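Protein chains get the first letters and strands the later ones, always in sequence-line order, with residue 1 at the start of each. Heavy atoms only: backbone and side chains are in, while hydrogens, waters and symmetry mates are out. Because the structure is predicted, anything quoted here is derived from the model rather than measured.
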Amino acid sequence: MEQSLPYDNRIDSESSEQVVNPWEVSAKDGGKIDYDKLIDKFGCKRLEESLIDRVERLTGRQPHKFLRRGVFFAHRDFNEILDAYESGERFYLYTGRGPSSEALHLGHLIPFMFTKYLQEAFKVPLVIQLTDDEKFMWKNLTVEESERLARENARDIIACGFDVTKTFIFSDFDHVGGAFYKNMVKVSKCVTLNKAKGIFGFSGEDHIGKLSFPAVQAAPSFPSSFPHLFPGMDKLRCLIPCAIDQDPYFRMTRDVAPRLGYSKPALIESSFFPALQGENGKMSASDPNSAIYVTDTAKDIKNKINKAKSGGHQFSVDQRELGADLEKDIPFKYLSVFLENDSELELVRKEYGEKKGSMDSGNVKKRVTEVLTEIVERHRRARAAVTDEMVEAFMAVRPLPSMFE
Amino acid sequence: MGFSKDQLLNRLQELEIDYSKYEHPPVLTVEEQAKYVSSSEGALSKNLFLKDKKHRYYIVSAMVDTKVDMKVLSQRLGLGKGGIRMAPEEALGELLQVSLGCVTPFAVVNESARDVALLLDQKFKNQTRCIFHPLSNDVSVSLNTLGLDKFLKSIGRDPVYVDLEANPVVGKDQAPDLAVYVPSNSVVVPEVSNKTSTIQNPPPKSVSAEVKPVASAKPSKPAGKVKSVAENSVPLAYKNPEKFVEEIMDKTSALLLSEAKGESVEALAETLRKRLTSDLTHLAIMYKNTAYAEGFYAGTHHQPKRL
């Protein structure tokens, strides 16, 4: 049974438990996030091996490494999406980005890389929401600046390789209105102030803009919000790939959907990408050494990885005796997320993590630097190809006749 | 200290790169070199070490009879008309760790040259062998471009071949086609005052003279990162069918050459398929997106037919 809404954020922060919500992610006592507890508390489900196998069977190709490695590890109703797909029914994808800064790091790209894979594997259309209004409301930005950031971020998103004939990107400031707004208001009517406070932790001091924002993030879950894309397809299901901290928005949306006569959106959720200084550190735009940015040069990446928190031992004697602490080793963690080849990763895991292995932290750092540099350089080349016309095309309100091909 | 010629030659041997070696008295110009190394051994090269106003450095290595127009080159790099000139002698020693008369593509093996861009003449590819100095001007080495590419890849460099004689229009709507190769980092070389730029091997005969009327290049982005110049150009592979196919062929043959280890052809084909599919699909999607975007622009700007 799905847990309904009552989970309360405020109680969490008072009892120094871990806090996970769209605006704050912190572990208990500066430790690691306990994902089992989180899944329990939120009421979503673990992505079982059997589901991953099913994805492989249905799509006829190897599941994405983020699935194989457990980066996307939780879901709501993903099995129902697969059921529907198997019986010939389609679905569409919905993901988004809050454009708070120009600098994107690899952690930001993860949901987009995964969504691109889903688009290709299942051959389904995608809507991408740029929440420039949210950033304006929560951060110290002007409207123009948040609109500008939205367009800049759109370029990086396009560079991830989405197919323009199946993808619609929109910014809230541009697009809210018409059918989209009607759904927003329908959602708002179903959520009391008290409920919103309970889910999101709003208080009497927060401005009313914040209160009405969740409806903006809910609306794209319903196909009737996009009459130019899905005319007459009101029953089309929606799958939302996102980081698990976004879960509260969609718990609310799922609660409201049946009352509006809509299908509940399904979710597939990822864990948090660690900062370079370790699991306890935070990736932050003000500390360039906390993350690998898509604008970093090969040299920058090499330096940052060299400084990253290592689980290896200082003396090679200890390293051979004990093996590295793979739980703490950030370069290894990054390798396990981004290295394509499973058997090579296994080899590194064995030779670095177990005793009497042949690898030391230098080897691992070198390899992960190579892998990340290749990713960043490919991203840069692709981004250089994104013209203003291309952004216009992706963001134009237009039909997508071949969206299911 | 930098790589020595012996270290370099050993490295070539380790990589199993086929080359021939010719020893001779030290030479400072191509004319002198030609006295000792006949053209039957391979095509001689002229090698320019250049610098732009933002302290970024370039080695341009070309066939002797290729005309390298510095003004055109400067524009194609997105540096404006007079943006590039010969690098000073100190930079030769500091960055390339070679002496006068010794500029060579091999100089990028040195760590000090990591930010130096290397542009190679496309015409080298048609030659059986080409001749360069292996870091010392009392030896010449001839090898073919496949060997040179293998060496460059072994030090983490992507070989860049350019049609040095091309003179494409550069303007508001046509991005400078070589701007992608501008180094992201500038280099500070300790200046020795009052030294005039020395002429390196050899004085490019073709420089200057023909100033073709070309639209002036868009001024490069002010402030902020030096990198932004490179990001301004749209890689032609995404727009132009020939470049698109060339990019595919380059990637495939590079992988073929580096992976062919005497295994069965089927296994090799399988490896190629696995390693290339994702990359090439990405390339194809960007190609498709570019075509769609251009069509979309045309569609939204077209004049309806007059009735």
**Asked** Does B/Lys125 make a cation-pi contact with B/Tyr161 (under 6.0 Å, within 45 degrees of the axis)?
**Response** yes
**Request:** Among A/Gly161, A/Ala298, A/Ala159, single out the residue with the greatest number of heavy-atom pairs under 4.5 Å to chain B.
**Result:** A/Gly161
**Request:** Identify which part of A/Phe162 has an atom lying under 4.5 Å from any heavy atom of chain B, answering side chain, backbone, both or neither.
**Result:** backbone
**Fill in**
If one checks every heavy atom of A/Glu120 against chain B at 4.5 Å, the contacting part turns out to be side chain
**Complete:** Exactly one candidate in A/Ile301, A/Leu339, A/Val337 meets side-chain contact (heavy atoms from CB on, under 4.5 Å) with A/Val371; the answer is A/Leu339
**Message:** With side chain to side chain contact (heavy atoms under 4.5 Å, CB included) as the criterion, how do A/Ile169 and A/Ile158 come out once you've worked through the C-alpha distance, each side chain's angles and the decisive distance to 0.1 Å?
**Reply:** CA-CA 9 Å; A/Ile169 302 181; A/Ile158 292 171; 3.8 Å; yes
**Fill in**
Whatever's closer than 4.5 Å to a heavy atom in chain A on B/Ser278 counts as both
**Prompt:** In terms of side-chain heavy atoms, does B/Ser112 have a donor or acceptor partner in B/Asn110 at a distance below 3.5 Å?
**Reply:** no
